[in-house]
Amino acid sequence: LKLVMVGDGPLRAEVEREVRDWGIGERVLLLGAREAREVLPAFDVLLMTSRYEGFPYVVLEAFALSIPIVSAPTPGLGEWLREHGALVAEKAHPDALAAALEKALLAHTQPPTWNQEWSSERMVEKTLALYQTIL
């Protein structure tokens, strides 16, 4: 397996140090900040470790590409993901995430199916309809 980390933040130096200390540099790619859609087609599974998250586009991008999703039990998003076929870990802990990821990889988890309701066009329509209702 290879771990590809997309994103950046204040813990990057610590992550780089851990990768070096564990001697796993050949199995971990730290891509930094970039558009997920550039690399997502190469993924077998999308692992979302966020403890707090709104509704990130990467989820919709994974659904559109039929990439299975494994997620931490992020409030709100975790339940929605579970309802739509993603595998949500029991808790936001490395062991729980590892178990969920292993389960997804071994079970050849069915990828989530795209729903046209999630398209950008449909989101714009719904947003405009909400604004009309508010006005």
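By the 6.0 Å contact criterion, CD on Glu125 is enclosed, its count of non-hydrogen atoms from other residues, nucleotides or ligands being greater than 12. Other residues, nucleotides and ligands place no more than 12 heavy atoms under 6.0 Å from the CG atom of Leu1.
Under the 4.5 Å side-chain criterion, counting only non-hydrogen atoms from C-beta, Ser50 is not in contact with Leu77. Leu65 has its side chain out of reach of Arg37: every pair of non-hydrogen atoms, C-beta onward, lies at least 4.5 Å apart.
Other residues sharing the hydrophobic cluster of Val28, ordered by chain and number and joined by side-chain separations under 4.5 Å: Leu3, Met5, Val15, Val19, Trp22, Ile24, Leu30.
Put simply, CD on Glu61 and CD on Glu38 are 10.0 Å apart, with the number rounded to the nearest 0.5 Å. Atom CD in Gln132 sits 12.0 Å away from atom OG1 in Thr127 (nearest 0.5 Å). The structure places OG1 of Thr74 at 9.5 Å from CZ of Arg51, a figure rounded to the nearest 0.5 Å. Atom CZ of Arg34 is separated from atom CG of Leu31 by 5.0 Å, given to the nearest 0.5 angstrom. Annotation: the span from Lys126 atom NZ to Glu121 atom CD amounts to 13.0 Å, rounded to 0.5 Å. The distance from the CG atom of Leu46 to the CZ atom of Phe63 is 10.0 Å, given to the nearest 0.5 Å.
Minimum interatomic distance between Leu97 and Ala89 (heavy atoms only, all atoms of both residues): CD2-CB, 3.9 Å. Shown here for Val88 and Gly78, the closest heavy-atom pair between the two residues is CG2-O, 3.3 Å.
A donor-acceptor pair under 3.5 Å is formed between the side chain of Lys2 and the backbone N or O of Glu26.
Partners of Glu90 according to the side-chain hydrogen bond (donor to acceptor under 3.5 Å, both in side chains) rule, which considers only residues two or more places apart in sequence or in another chain, do not exist here.
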**Derivation and outcome, side chain to side chain contact (heavy atoms under 4.5 Å, CB included), residues Glu35 and Val6** = CA-CA 8 Å; Glu35 291 291 327; Val6 179; over 6 Å; no
**Request:** Take Ile69 and Val45 through the test side chain to side chain contact (heavy atoms under 4.5 Å, CB included) and record every step on the way to the result.
**Result:** CA-CA 6 Å; Ile69 299 170; Val45 176; over 6 Å; no
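No chain of hydrophobic side-chain contacts below 4.5 Å, direct or via other Ile, Leu, Val, Met, Phe, Trp or Tyr residues, connects Val124 to Leu130.
Each of Val59, Thr49, Leu87, Leu81 was scored for a side chain to side chain contact (heavy atoms under 4.5 Å, CB included) with Ser71, with one residue passing: Leu81.
With salt bridges taken as basic N to acidic carboxylate O contacts below 4.0 Å, one links Glu16 and Arg12.
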